[in-house]
Amino acid sequence: MLKTVEASPIQIGDMRIIPRARAIQQIDRFRGFFWARPMDVVIETPESTRVVPIPDPTRTVVMACCGLCAAALLSALIERAVTRR
């Protein structure tokens, strides 16, 4: 289901760059679903290996919207409980 996939490496001189993504894949008999989001980039040089994370603004916005919806629902429930008394 949820797995990390790597694209083919890009070689630039003695530096090797490997983009990675987090992917969800669901396939059944008649249809399939695939969703991937960038996760990080691995930069390999002869001296070191670095992992550079890729920020995902869409995920941040979705989490903020979920938080706002939860706060609105909670405030509506509290208001309803207070006005019933």
Side-chain angles (χ1 to χ4, degrees):
M1 287 299 235
L2 186 64
K3 60 183 176 179
T4 301
V5 293
E6 293 184 351
S8 43
I10 302 165
Q11 189 76 31
I12 301 173
D14 60 350
M15 184 175 13
R16 189 172 146 187
I17 301 171
I18 306 167
R20 295 192 311 179
R22 181 69 44 112
I24 297 174
Q25 184 176 4
Q26 178 66 38
I27 299 174
D28 59 11
R29 275 208 219 143
F30 304 108
R31 61 186 175 264
F33 172 77
F34 182 81
W35 178 74
R37 69 173 193 87
M39 191 172 68
D40 56 22
V41 177
V42 179
I43 302 173
E44 297 175 348
T45 61
E47 296 84 30
S48 66
T49 299
R50 291 187 315 166
V51 177
V52 181
I54 299 173
D56 188 5
T58 304
R59 185 175 191 184
T60 305
V61 170
V62 167
M63 290 300 168
C65 288
C66 287
L68 287 173
C69 288
L73 178 64
L74 184 61
S75 66
L77 290 173
I78 290 172
E79 182 181 343
R80 184 175 176 180
V82 168
T83 56
R84 279 193 166 186
R85 290 182 183 186

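Any value given below was found using the heavy atoms of this structure, including those in side chains, with hydrogens, waters and symmetry copies removed. Count residues from 1 along the sequence. A quick note: this is a predicted structure, and the numbers were derived from the prediction, not measured.
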Peer 1: For Ile12, give me all partners under side-chain contact (heavy atoms from CB on, under 4.5 Å), at least two apart in sequence or on another chain.
Peer 2: Ile10, Ile17
Peer 1: Quick one: CG on Leu68 to CE on Met63, what's the gap to the nearest 0.5 Å?
Peer 2: 13.0 Å
Peer 1: Say whether, by atom type as modelled, one donor and one acceptor occur between the side chain of Glu6 and the main chain of Ser8 under 3.5 angstrom.
Peer 2: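 Side chain of Glu6 to backbone of Ser8, a donor-acceptor pair under 3.5 Å: no, none is there.
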Peer 1: For a quick test of reading the model, state the closest non-hydrogen atom pair linking Pro55 to Pro57 and the distance between them.
Peer 2: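 Here Pro55 and Pro57 meet closest at O-CD, 3.3 Å.
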Peer 1: Kindly check if the number of other-residue, nucleotide or ligand heavy atoms within 6.0 Å of CD (Glu79) is above 12?
Peer 2: no
Peer 1: Under the rule for side-chain hydrogen bond (donor to acceptor under 3.5 Å, both in side chains), what residues qualify as partners of Arg20, not counting sequence neighbours?
Peer 2: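 With neighbours one apart ignored, the set is Asp40.
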Peer 1: Can you tell me how far the CH2 atom of Trp35 sits from the CG atom of Leu2, to the nearest 0.5 Å?
Peer 2: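 With rounding to 0.5 Å, CH2 (Trp35) is 8.5 Å from CG (Leu2).
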Peer 1: Working to the nearest 0.5 angstrom, can you tell me the gap between Ile78 CD1 and Thr83 OG1?
Peer 2: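 Between atom CD1 of Ile78 and atom OG1 of Thr83 there are 12.0 Å.
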Peer 1: What about Ile18 and Met15, same hydrophobic cluster or not, with Ile/Leu/Val/Met/Phe/Trp/Tyr joined at side-chain heavy-atom distances under 4.5 Å?
Peer 2: no
Peer 1: Any salt bridge (charged side-chain N to carboxylate O under 4.0 Å, His left out) involving residues 57-70? Give me the pairs, sequence neighbours left out, ordered by first then second residue.
Peer 2: none
Peer 1: Going by the rule side-chain contact (heavy atoms from CB on, under 4.5 Å), which residues pair with Pro19 if we only count those two or more places apart in sequence or in a different chain?
Peer 2: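 Result, side-chain contact (heavy atoms from CB on, under 4.5 Å) vs Pro19: Ala7.
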Peer 1: Ignoring hydrogens and angles, write down the donor-acceptor pairs under 3.5 Å from the side chains of residues 43-51, residues two or more places apart or on other chains.
Peer 2:
unit_1 : atom_1 : unit_2 : atom_2 : d
Thr45  : OG1    : Ser48  : N      : 3.2
Thr45  : OG1    : Ser48  : O      : 3.0

Peer 1: Kindly write out the residues that satisfy side-chain contact (heavy atoms from CB on, under 4.5 Å) with Phe34, not counting sequence neighbours, or none if the list is empty.
Peer 2: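 Here the qualifying residues are Ala23, Gln25, Ala36.
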Peer 1: Any idea which heavy atoms bring Pro9 and Arg16 closest together, and the distance?
Peer 2: CB-NE, 3.5 Å
